[in-house]
Visitor: 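The structure follows.
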Amino acid sequence: MTAPSAPSEDYRGSGLVFPEGFTFGSATASYQIEGAAAEDGRTPSIWDTFSKTPGKVWNGDTGDVACDHYHRVDQDLDLMADLGLQAYRFSVAWPRVVPTASGEVNRAGVDFYSRLVDGLLERGIRPVATLYHWDLPQYLEDAGGWTSRVTTDAFERYAEIMGAALGDRVHTWTTLNEPWCSAYLGYGQGGHAPGRQEPASALSAVHHLNLAHGRAIQALRATSTGDPDYSVTLNFHVLRGQGDRASEATRRIDALANRAFTNPMLRGEYPADLLEDTAGVSDWSFVHDGDLDTVNQPIDVLGVNYYSTATVRLWDGVSEQQRNDGHKGSAGGTAWPGSDRIVEFVEQPGPYTAMGWNIAPEGLEELLVSLAEQFPDQALMVTENGAAFEDEVAEDGSVPDPDRTDYLRRHFTAAHRALERGVDLRGYFVWSLLDNFEWGYGYAKRFGIVRVDFDTMERTVKDSGAWYRDLVRTRTITA
């Protein structure tokens with residue numbers, strides 16, 4: 001690693017060189033790009049159901065076609081090779097592989113991912129496969145979803161299937177992507193599929209997702225015949241406190257949003273303050289003897305997703321109505337029923353991305369350093385970072401996106417600064433390779449370093465994609 005230039009407070013580094021062995025990749029998710037929602041045996045996921053429910057997704061958009069990646073996989077693989085990607089993080093669509101409650105394997109679904117993995121390897125790109133990026137089969141949600149151990153059982157079986165099918169070739173297995181979103185947004189706040197607003201169910205989902213992670217790691221290890229790495233990807237809340245009770249506000253959200261996952265996965269225990277904070281919602285009786293030993297599986301790398309920071313403040317004296325409406329907030333965003341305190345998420349200062357998220361590259365450095373201090377023997381990987389902006393196509397057909405290029409430059413600078421501070425950071429995956437179906441925002445928000453024309457499906461590398469190509473080639477941050 002070269003000697004760094006003087007640290008810049010705006011994080012616009014130049015001439016910073018990443019070490020050999022540092023992995024540059026990009027990431028996508030199955031429901032967001034694949035399309036072919038009812039082809040070759042695939043059955044509905046909770047996101048098919050949710051997106052077809054009036055009022056749930058902007059403009060009534062669905063992932064029925066998305067980027068049509070299912071039919072254009074060879075074109076997209078060539079695009080990855082042209083960008084010089086060293087690794088590609090994709091997710092497997094569970095209902096494409098195990099489409100019915102019978103558990104029977106859909107060979108056409110497995111074959112699609114086998115072809116994808118082979119195509120990556122042929123192009124010298126390492127396959128990083130995520131088992132779950134939110135597209136739970138609808139038949140499992142009908143049986144209770146992530147509030148039920150039945151889903152955990154089914155996930156273990158699904159992991160066995162994929163381990164046996166791809167475990168000879170996959171470079172890295174990731175069990176779950178952002179279980180915080182699955183639990184709290186899916187079962188608490190209701191803004192994500194399946195759209196339930198049940199605080200107790202959200203906590204039950206937290207545990208069953210944690211348990212599913214541990215059981216999947218065991219299943220993958222038992223069935224993979226190659227030598228893959230094993231991981232999980234978490235999205236972390238980088239918190240700032242406000243007001244007289246700032247430290248208490250950040251502690252509560254840190255317990256609920258961060259340590260609810262890191263502690264059981266990496267330490268084999270739930271935080272005592274989390275159990276105390278949520279005692280009015282759940283007695284946590286869904287945690288059975290032996291569960292935490294199962295959850296606490298050694299992993300090779302911890303995936304870190306980061307986009308912005310969050311500011312919180314604590315209010316006392318919550319009204320009865322506010323307590324009753326506690327389910328309307330995200331993870332701790334309002335009071336849990338039975339609590340007389342409320343943690344409010346305060347609007348962040350700009351500048352913002354098109355998602356309304358504040359741009360704070362210093363938060364990424366802070367997060368990586370903090371995780372390295374908390375878990376000093378755990379290697380880290382930035383598995384998602386990127387930004388949505390209002391892209392416009394120029395008259396010559398190019399897509400100049402200076403805001404996204406600047407965003408990436410600043411966050412790669414933050415990652416480089418973390419490396420210099422001794423963080424064992426193995427790589428960085430830009431979100432996202434393609435403009436895609438952005439969950440509740442439909443096709444209104446574009447994160448891709450490659451533009452997708454959703455009328456013609458034409459792909460165009462944006463200026464940010466060209467910048468990233470140069471970064472991968474030279475391993476050096478440039479202006």
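FYI, the numbering just counts along the sequence from 1.
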Visitor: Please evaluate residues Thr262 and Asn258 with respect to the criterion side-chain hydrogen bond (donor to acceptor under 3.5 Å, both in side chains), reporting the C-alpha separation (whole Å), side-chain torsions for both, the decisive distance (0.1 Å), and the verdict.
Guide: CA-CA 6 Å; Thr262 56; Asn258 298 334; over 6 Å; no

Visitor: Return the set of residues passing salt bridge (charged side-chain N to carboxylate O under 4.0 Å, His left out) with Asp463 (not counting sequence neighbours), or none when no residue passes.
Guide: none

Visitor: Sequence neighbours left out, what passes side-chain hydrogen bond (donor to acceptor under 3.5 Å, both in side chains) with Tyr306? Give chain and number order.
Guide: none

Visitor: Can you name the residues that form a side-chain hydrogen bond (donor to acceptor under 3.5 Å, both in side chains) with Thr474, not counting sequence neighbours?
Guide: none

Visitor: Do Tyr31 and Ser51 pair up side chain to side chain, a donor and an acceptor below 3.5 Å, judged on atom types alone?
Guide: yes

Visitor: With sequence neighbours excluded, what pairs up with Glu384 under the side-chain hydrogen bond (donor to acceptor under 3.5 Å, both in side chains) test?
Guide: Arg89, Asn305, Tyr307

Visitor: Tell me, please, whether Tyr88 has Arg126 positioned over its six-membered ring: NZ or CZ under 6.0 Å from the ring centre and within 45 degrees of its axis?
Guide: no

Visitor: Under the side chain to side chain contact (heavy atoms under 4.5 Å, CB included) rule, collect the residues that match up with Val399, sequence neighbours excluded.
Guide: Asp391, Val393, Arg451, Thr460, Lys462

Visitor: Are Tyr158 and Trp94, when compared by the centres of their aromatic rings, separated by less than 6.0 Å?
Guide: yes

Visitor: Is the shortest side-chain N to carboxylate O distance from Arg96 to Asp135 below 4.0 Å?
Guide: no

Visitor: Would you verify whether the NZ or CZ of Arg221 falls within 45 degrees of the ring axis of Tyr230 while also being under 6.0 Å from that six-membered ring's centre?
Guide: yes

Visitor: I want to check a possible cation-pi pair here: Arg42 against Phe112, using under 6.0 Å from ring centre and within 45° of the ring axis as the test.
Guide: no

Visitor: Would the distance check show the side chain of Thr413 and the main-chain N or O of Tyr11 forming a donor-acceptor pair, the cut-off being under 3.5 Å?
Guide: yes

Visitor: Suppose we call two aromatic rings close when their centres sit under 6.0 Å apart. Are Tyr270 and His207 close by that rule?
Guide: yes

Visitor: With sequence neighbours left out, what residues match Arg410 under side-chain hydrogen bond (donor to acceptor under 3.5 Å, both in side chains)?
Guide: none

Visitor: Can you confirm if the aromatic rings of Phe412 and Tyr428 lie within a centre distance of less than 6.0 Å?
Guide: yes

